[in-house]
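Within every chain, numbering begins at 1; the chains are lettered A, B, ... in the order of the sequence lines, protein sequences first and strands thereafter. Just so it is clear, the values below take in all heavy atoms, side chains as well, and ignore hydrogens, waters and symmetry mates.
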Amino acid sequence: MRKLPDKSFPVATKKITEKPRVVMPDGSREISFFDQVYDVVRQIPKGRVTSYGAIARFLGSGKSARMVGWALNGASAIKPKVPAHRVVNSAGLLSGKAHFATPTLMEELLAKEKIKVLNEKIVDFDKKFWDPAAELAL
DNA sequence: TTTGTGACGTATT
DNA sequence: GAATACGCCACAA
């Protein structure tokens, strides 16, 4: 996946439920913002978590954390599994748990990875936090 | 086309 | 430190 977006960021993203990949104006194939999000999320080590904002910054958009969440909205429909449960907001809250198959699924998955969740919040979020910019160091 | 909404985040009050 | 305000940008209506 490499590559970072900035200006050459692909514009025409189709429905995320369809083909995430887009074609750049120059004809070169580029990875859509959504795919990049999925890639990063897939690389989150087991037992670690990250935030929407961290991913957004890593991808260059910075303030487009909402788009990360939006992308994850269709994560369940993506072929390779996307561990969306490892992505929370900057406060370490499971803001997206309601969007899983079941409201308890997210906690369950996190529990499997030895991540404790107390009152919708990740325990020791600071320690579990995984920064793509630092770890992937692209 | 314009408007509103959102798995967010940061700056103010 | 909690509550608000605002910025962001893709998408649906």
Side-chain angles (χ1 to χ4, degrees):
Chain A
M1 37 170 220
R2 67 187 68 306
K3 144 79 294 38
L4 53 109
D6 54 61
K7 303 186 180 230
S8 50
F9 181 78
V11 211
T13 60
K14 307 189 173 180
K15 289 189 175 181
I16 62 180
T17 56
E18 300 181 0
K19 254 184 152 182
R21 288 184 185 290
V22 297
V23 179
M24 294 298 280
D26 56 27
S28 68
R29 287 258 293 267
E30 191 46 273
I31 304 182
S32 76
F33 180 81
F34 302 113
D35 262 0
Q36 295 186 52
V37 171
Y38 302 146
D39 274 334
V40 172
V41 175
R42 274 195 284 264
Q43 287 165 68
I44 301 174
K46 222 181 142 194
R48 308 291 296 283
V49 294
T50 191
S51 73
Y52 304 94
I55 295 174
R57 272 199 304 265
F58 172 66
L59 296 181
S61 299
K63 302 158 192 179
S64 308
R66 296 186 117 155
M67 299 305 100
V68 176
W70 205 274
L72 285 179
N73 190 345
S76 14
I78 303 304
K79 299 80 88 191
K81 238 170 33 161
V82 177
H85 60 281
R86 294 181 187 149
V87 185
V88 298
N89 66 10
S90 63
L93 295 169
L94 310 191
S95 48
K97 83 173 226 169
H99 293 263
F100 281 76
T102 67
T104 57
L105 181 58
M106 191 169 185
E107 279 186 42
E108 294 292 328
L109 293 172
L110 289 172
K112 283 186 163 197
E113 311 193 353
K114 308 297 183 283
I115 297 177
K116 297 169 188 167
V117 176
L118 184 58
N119 196 353
E120 314 302 303
K121 181 177 106 297
I122 291 184
V123 179
D124 289 332
F125 179 57
D126 312 9
K127 297 171 187 171
K128 309 285 187 188
F129 185 75
W130 179 84
D131 185 0
E135 303 297 331
L136 293 183
L138 209 60

Next on the checklist: Does anything in residues 95-109 of chain A come within less than 4.0 Å of DNA chain B? Heavy atoms only, and list the residues if so.
Outcome noted: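 Contacts with DNA chain B under 4.0 Å: A/S95, A/G96, A/H99, A/F100.
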Next on the checklist: Among residues 122-130 of chain A, which ones have heavy-atom contacts with DNA chain B below 4.0 Å?
Outcome noted: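 Correct list: empty, so none.
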Distance in angstrom units between [X] [atom1] and [N] [atom2], rounded:
{"X": "A/N73", "N": "C/dC11", "atom1": "CG", "atom2": "C1'", "result": "11 Å"}
{"X": "A/M67", "N": "C/dA12", "atom1": "CE", "atom2": "P", "result": "12 Å"}
{"X": "A/Y52", "N": "C/dA10", "atom1": "OH", "atom2": "P", "result": "19 Å"}

Checklist entry - Sequence neighbours excluded, which residues qualify as side chain to side chain contact (heavy atoms under 4.5 Å, CB included) partners of A/K114? => result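 In terms of side chain to side chain contact (heavy atoms under 4.5 Å, CB included), with neighbours along the sequence ignored, A/K114 is linked to no residue.
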Next on the checklist: Could you go through A/V88 and A/L93, starting from their C-alpha distance and side-chain angles, then the distance that decides it, and tell me whether this counts as side-chain contact (heavy atoms from CB on, under 4.5 Å)?
Outcome noted: CA-CA 6 Å; A/V88 298; A/L93 295 169; 6.0 Å; no
Checklist entry - Do any N or O atoms from the side chain of A/Y38 and from the backbone of A/A71 form a donor-acceptor pair under 3.5 angstrom? => result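 Confirmed, A/Y38 side chain pairs with A/A71 backbone.
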Looking at side-chain heavy atoms only, is the closest gap between [X] and [Y] below 4.5 Å?
{"X": "A/K46", "Y": "A/R86", "value": "yes"}
{"X": "A/L105", "Y": "A/H85", "value": "no"}
{"X": "A/F58", "Y": "A/T50", "value": "no"}

Checklist entry - Stepwise, does the side-chain contact (heavy atoms from CB on, under 4.5 Å) test hold for A/V40 with A/V87? => result CA-CA 10 Å; A/V40 172; A/V87 185; over 6 Å; no
Checklist entry - How would you list all residue pairs meeting ring-ring contact (aromatic ring centres under 6.0 Å, His included) that involve residues 113-136 of chain A, not counting sequence neighbours? => result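 Sorted pair list: A/F125-A/F129.
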Checklist entry - Of all nucleotides in DNA chain B with an atom under 4.0 Å from a non-hydrogen atom of chain A, which is the first and which the last going 5' to 3'? => result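 The footprint of chain A covers B/dG6 to B/dT10.
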Write down the protein N/O and nucleotide N/O pairs, taken from nucleotides 1-7 of chain C, whose separation is under 3.5 Å; answer none if there are no such pairs.
unit_1 : atom_1 : unit_2 : atom_2 : d
C/dG7  : O6     : A/R66  : NH1    : 3.0

Checklist entry - What's the shortest heavy-atom distance between A/S64 and A/F33, and which atoms? => result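 The pair with the smallest heavy-atom distance is O-CZ, 4.4 Å.
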